[in-house]
2 protein chains.
Amino acid sequence: MAAKYVLIAREIRRRIMSKQYPANEPLPDQFALAAEFSTSRMTIQQAMRQLIIEGLVYTRQGQGTFIRKNFHQFSQWDLAGSDYFGATKTWGHKGRVSSVVIRFELRFPTEKEQTSLLINADAPVYDFIRLRLLNDEPMSLDATIMPVNLVPGLSRSHLEGSVFQYLQQTLGLKMMGSYRVVRALKPDVLDMQYLNCQETDPVMEVEQVIYLEDGTPLEYAHCHYRYDHSGIVIVNNG
Amino acid sequence: MAAKYVLIAREIRRRIMSKQYPANEPLPDQFALAAEFSTSRMTIQQAMRQLIIEGLVYTRQGQGTFIRKNFHQFSQWDLAGSDYFGATKTWGHKGRVSSVVIRFELRFPTEKEQTSLLINADAPVYDFIRLRLLNDEPMSLDATIMPVNLVPGLSRSHLEGSVFQYLQQTLGLKMMGSYRVVRALKPDVLDMQYLNCQETDPVMEVEQVIYLEDGTPLEYAHCHYRYDHSGIVIVNNG
DNA sequence: GAGTGGTCTAGACCACACT
DNA sequence: GTGTGGTCTAGACCACTCT
């Protein structure tokens, strides 16, 4: 049973989507909504907080709550499969995703990896590189580092399938969030070989650390995307 | 006078930063904090919500509130001057920023610009391009479209200074947020000319719409950054 | 069972915008 | 002044974790 504020947010979202609320008028005020849903105003506000974060509405003190004029422009973007987080969305065409394992090794971490994963120099890590294909077209090349002690028994076959699924379903690990830096780069040798890049084709690099529920860094990765296959969407509410 | 929950968040932030709270233990529980600050638990929770969004702490039901193990890694990134928004930060070396106006024209909007800015085909727009320098080194090339009716009296001298300052201080406009897409691109002719790019140097493009307080789109821009001068940081809390 | 955060209530007063 | 959202109270019960 979801919390009441989640149900209320869902209902208000549905009404906005189905244009049950006029786009150019403020929503009913919080007192009216509290009465309608037989709840307190605090609960209505918690529902509104959620809709604000989603970019669906915004509030103005003394004026009311308004529907964002072009929220529908946001919804044209799709969540990619491996992208389990909220505020940012990766943009890709739909299709079937598969993986080819380019490298799968065990070694000790570099200094940068030690500080990013908060581990010691003698804590072994997996080091693997995967080419990710969308409908058999190369899409991204992901170089990932994971501490062995967090992910016992990782095998090549897991890499060919979904690592995320193995982590979640078999090991019961839960992700908390991520920290990412996005930049443009010249393609390196691997990019040219596997992503079919020319010298002049840039790659988009996402350097990311993904954290578990308890704040432990789980993976440190550099993901390279073909410049013509993806973008990253960032929505920001003042 | 700031709200009480803001003051409490500030004090707890200060304590975490100064290591007054041990990094490996949970914070005092919400009941204790409510007692200490002579307030209700709801107010403590509102303060915590703020610290969670900042990436400083996280909570676990039944366990407590914990300091994120590497929040200090986040704080190494600086907010750029024109980046008035919260969750994403642009990364740049510090220094003096100046602008050179490459183009400054008036015209009617394209279809893409009409839908992005929610204006009609006969609503004139400013179309200007500026080269932005950091310590006299080219950093970014920004192509901006703004509806004339929102920004009366924009002049070349404003472009050489801070457009943002003119909007805020003279016209009293307030920003609400932004919507951005980040991607890597091959440099175009202007990029090569002004950013000193070679054919093989990629650019990072940020396509963005910035909104006013009331949801009106204010500007639609394509900003090109030298690939070796910047990245974009995204923090995400599940 | 004890301790923790998550949700919820039924009010109250404040800050701000409109008229 | 009236109406709106923003904040705050002093409790209550629920869900979850740990022992």
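Naming convention: chains lettered A, B, ... in sequence-line order (proteins, then strands); numbering from 1 in each chain.
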For side chain to side chain donor-acceptor pair (under 3.5 Å), just list the numbers for A:Asp142 and A:Thr144, CA-CA rounded to whole Å, side-chain angles, deciding distance to a tenth of an Å, and then say yes or no.
-> CA-CA 6 Å; A:Asp142 300 357; A:Thr144 310; 5.7 Å; no

Take atom [atom1] of [X] and atom [atom2] of [N], then tell me their distance rounded to the nearest Å.
{"X": "A:Gln61", "N": "D:dG5", "atom1": "CD", "atom2": "P", "value": "10 Å"}
{"X": "A:Glu25", "N": "D:dG3", "atom1": "CD", "atom2": "C1'", "value": "16 Å"}
{"X": "A:Tyr58", "N": "D:dG5", "atom1": "OH", "atom2": "P", "value": "13 Å"}
{"X": "A:Arg49", "N": "D:dG5", "atom1": "CZ", "atom2": "C1'", "value": "13 Å"}

Just call it for A:Arg60: base, sugar-phosphate, or nothing, with non-hydrogen atoms closer than 4.0 Å on any strand.
-> sugar-phosphate

Give one of base, sugar-phosphate or nothing for B:Thr59, where a contact means two heavy atoms less than 4.0 Å apart.
-> sugar-phosphate

Just wondering, more than 12 heavy atoms not from B:Glu111 lying within 6.0 Å of its CD?
-> no

Within 6.0 angstrom of B:Asn24 CG, more than 12 heavy atoms from elsewhere | no

A:Thr39 or B:Thr65, whichever maps to the more 5' nucleotide of DNA chain C | B:Thr65

Map B:Gln30 and B:Met42 onto DNA chain C by nearest heavy atom, then report which one ends up closer to the 5' terminus.
-> B:Gln30

Any side-chain heavy atom of B:Phe37 within less than 4.5 Å of one from B:Lys4?
-> no

Are A:Tyr5 and A:Met48 close enough that some pair of their side-chain heavy atoms sits under 4.5 Å apart?
-> no

Starting at the 5' end of DNA chain D and moving along, which residue's nearest nucleotide shows up first, B:Gln46 or B:Gln63?
-> B:Gln46

Specify the residue among B:Phe31 and B:Phe37 whose closest nucleotide of DNA chain D lies further upstream toward the 5′ end.
-> B:Phe37

Please work out which of the three classes, parallel, tilted or perpendicular, describes the rings of B:Tyr126 and B:Phe104, given edges at 30° and 60°.
-> parallel

Could you check which nucleotide pairs with D:dT2 in any of the strands shown, counting Watson-Crick or G-U wobble with both distances under 3.5 Å?
-> C:dA17

Intermediate values then yes/no, side chain to side chain donor-acceptor pair (under 3.5 Å), B:Arg180 and B:Gln208 = CA-CA 4 Å; B:Arg180 299 171 178 181; B:Gln208 63 183 7; 3.2 Å; yes

Chain A on DNA chain C: first and last contacting nucleotide, 5' to 3', under 4.0 Å to a heavy atom?
-> C:dT7 to C:dC18

